[in-house]
Structure formats: structure tokens, C-alpha cells
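Residues take their numbers from the sequence shown, with the count starting at 1. Order of appearance sets the numbers: ligands from 1, and atoms from 1 within every ligand.
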Amino acid sequence: MIRPPSDAVLARPVTILGATGSVGLATLDLIAEARARWGEDAIPIEALTARTSVDELAALAKKFRPKLAVVSDPSYRRALESALAGTGVEVAAGDPAVIEAAQRPAPWVMSAIVGAAGLEPTLAAARRGAAIAIANKEALVCAGDLVTAEVARGGGALLPVDSEHNAIFQALRDEDLDRVEKITLTASGGPFRTWTLAEMARATPEQAVAHPNWSMGAKISVDSATLMNKGLELIEARCLFGVETARLDAVVHPQSVVHGLVAFCDGSVLAQLGAADMRIPIASALAWPERTPTDAPRLDLAALRELTFEPPDPVRFPCLELARHAMESGHQATAVLNAANEEAVAAFLDRKIAFLDIPRIVEEALTAHAGVSTSDDIGGLAERLDLDRAARKIARDAVGLAAV
Ligand code: NDP
Ligand code: MG
């Protein structure tokens, strides 16, 4: 008999930042499943947020009955108000309203906004001591030190949702970090794993977002195709687990069955395996420190027959090394890397630049920045946001010059 989660999980109110995205919807799927199993009152929702997807947000609000629904783009306020008129769901709009949503007293918050835009709401939830299920890796790449400091001050917790980090979080449970030899993240290799450089030079946005194993938002799908995703994840791992870069590694594993591995000083290796379905790591964070059943697919190892591993190719996928280098240079460099990458990926999705321009533009921003400052002391949030803006400007100028 599988034991159901306790009331500490089922009655714990949650807020979902980025509810209309891939991770937000997977979280809501799990909540729908919990309500079908344990009653309509299970996992009450304080707030749901989106940027512009008003129709989707209104439909989710009608189905899941949060107290508050927020669109960050204020020009959609009227549309959301009229879609939710008479439902009793409170409506708000604008970036400050997303931060206020994160401040409302839900003890568990899913941070699933894409990009550095998720940083301030995540900090707001951390400040009041919430348990934060963190999918928004860019917040950790551009200001992980601020996020972890705020979580420590607030007395809450960071629960990794990124599948690799969730795997490592599970494998590290009750283990001493000073007995860990190496932490390894797996990478699927993305849709271009076997492509030549000449083929990659002509890659279209449609090809780049067609991930072989995972169904995800457009930005992270492009990051998976360049392998920048794995670079961002190494930085994310350093921030979440507090280990130095020499103990962090990445290996390509095209089947996406083993998500992360921890090697200990006695030669033991603990790994977490599971289907490539985000509901599995999200469920582990949602029920933390307990577990909850899911309908996610189960592994059939005999049907899979083989699991393979190979080193990443630094020539075709330079983003991984750029990220590693930035990680070794410090917080300023990782903030610049993240901002330049966000701009370059957006320009590629807009068909303004070619696929291979992405690493070139990120490298240009890092080089320009290295010429200006080498200090790792970059102060607080205001300084970080200034740096983010400056790096975006360098990247946008480079996009202009590279325009196809
Ligand atoms: P999506 O693009 O699918 O969704 C992003 C969500 O954030 C949407 O709700 C979107 O609203 C909202 N949003 C976008 N921009 C802003 C903004 N400027 N201000 C406020 N809200 C905004 O992304 P994913 O769900 O794929 O990814 C979310 C995060 O999780 C990313 O950091 C990603 O790297 C990480 N992640 C994702 C995984 C996945 O499987 N998808 C796996 C591991 C990590 P709207 O719909 O209105 O645009
Ligand atoms: Mg991942």
C-alpha cells in the first residue's frame, strides 16, 4: 500500500510563478491529480502568474480557483479582469504585482518564470521564508549568491526542480558534501547532437526547439540545442550545492534516463533515474520532504536495452566551455553570460541571427565585460540589474551587426 502524503503537504497553500509555461502547467497537472485523488480542497492555490497569456491564465484560474491571478504585462489587465469577472478571483497586473504575488503567504512557491525576469519575485518569496521549488535557473546564474543569502536569512528552503539538480538533491540526502568527489549532470545532447557544424550553421528555430526527449519552453529548448543549458546548469549546481567547479562535471546521455550522479570518496556512485517527464522532479519538490504518487510514465529498463554516455564536443558546442569559464571567473561573468545568452536566443528565435551566432555573441559580451571589470564584488540587486542591462546592450549591438 502506498502511503498518501500527509496534511502538511495536501493542505499547504502554493503559488505558481509562470503558471502558463511548461513547468507551471506540469505543476498544475500534479495539483489536478492530487485533487482527483484526495479531494477538491487538496493543495490550495494562493496565486497564479503569467506574462501575456491571458486566456490560458483565466482558464487555469477558473479550473484551479486561486485567490489571485496576475499578468505581468499591464496592457492585459482589462482582458484578465473581464475574463475573471464574477469568479471571485482577485486580479492584478504589472511587474510589481508579480512580486507582490510572491510575497503573499503561500509556504510553497514554484519559481517557473523564464529568464532573469524571475529573479525579483524569487527573492521576494525567499525573503519571507517560503520553500521555493526553483526551476528558474537564470535567477541562480545571474544572482545565485543573492538568492541563497535571502533564503538563509528568511529561513526557507530551495528545492531544485531542474531534473538534474533534483536528481542530485535526492542522491545527496543526508550525505556530507565533504565526502563527495564529483557531481555529474547528464545532458541529452539536444536535437543537434549528431549534426555537423555546417548543418548547425543553417539550423532553424523550429529545428532547435524540437527537443528529442523533453517538451519545454522555447528558450530552454534552444539552450539545450547549444548546450548552454548544461553550462547554466553547472553554475546552478555550484550555487545549489555549494561545491567548487572542479567537482562539477557534465556528460552526454542521449536517452535522458539517468538525470544526475553523485560519486563519493569510497567509490560509490548514487544516481536518480526516471522517465523524461518534469512531473517527476516537480512532484518530489511538491511533496518535499515526503513523496506523492504520480501518473508519470514508469521506466522499463529491459525495453530500453541500453544507456549510453559520451563526452560533450567542445568544438560544436562552445557554450558549455563559455559557461564553465564564466563560472570560474565569478558572479559578474555569470550574470553577463546569462543576459547575453537571453538576448542572443531571443534574436535567434526572431530569425535575426543564425544559430552559431549565439555562442559568438555571448563570447563577445564576456570579452567586452572582462575588459571593464574583473572584480567579483558586485554588491546587491541594483548592481546586478545594472550589469544585466549593460550586458544586454552589448549583446543587442552584436545582434545588430550579425543580423542575417
Ligand atoms: P515557458 O516559456 O514555457 O514559460 C515561462 C512562464 O513564465 C510563462 O508562464 C510565461 O508567461 C512567464 N513569463 C515569461 N516571461 C515573463 C516575464 N518577463 N515576466 C513574468 N512572467 C514571464 O518556460 P519553461 O516552463 O520551459 O521554463 C521556465 C523555467 O524553468 C526556465 O528558467 C527554464 O530554464 C526552467 N526549466 C524548464 C524545464 C522544462 O522542462 N520546461 C526544465 C528545467 C528547467 P506567458 O505564458 O504569458 O508568456
Ligand atoms: Mg535540466
Looking only at N, O or S atoms, which one in Asp162 sits nearest to the Mg ion (ligand 2)? OD1
Using 30° and 60° as the class boundaries, would you call the ring planes of His165 and Phe241 parallel, tilted or perpendicular? parallel
When you look for protein heavy atoms under 4.0 Å from ligand 1, which residues do they belong to? Gly18, Ala19, Thr20, Gly21, Ser22, Val23, Ala50, Arg51, Thr52, Ser53, Ser72, Ala112, Ile113, Val114, Ala117, Ala135, Asn136, Lys137, Glu138, Asp162, Met216, Gly217, Ile220, Met278
Tell me whether Arg360 at atom CZ has more than 12 heavy atoms from other residues, nucleotides or ligands lying less than 6.0 Å away. yes
Mind checking whether His253 and Phe309 have parallel, tilted or perpendicular rings, split at 30° and 60°? parallel
side-chain contact (heavy atoms from CB on, under 4.5 Å), paired with Ile183, selected from Leu240, Leu261, Val243: Val243
Set of salt bridge (charged side-chain N to carboxylate O under 4.0 Å, His left out) partners for Glu46, sequence neighbours left out: Lys67, Arg104
Which angle, to 10 degrees, forms at the Mg ion (ligand 2) with OE2 of Glu233 on one side and OE1 of Glu164 on the other? 100°
Let me see the working for Glu164 and Thr186 under side-chain hydrogen bond (donor to acceptor under 3.5 Å, both in side chains), right down to the final yes or no. CA-CA 7 Å; Glu164 300 77 3; Thr186 60; 5.1 Å; no
Does Phe317 have its ring centroid less than 6.0 Å away from the ring centroid of Phe192? no
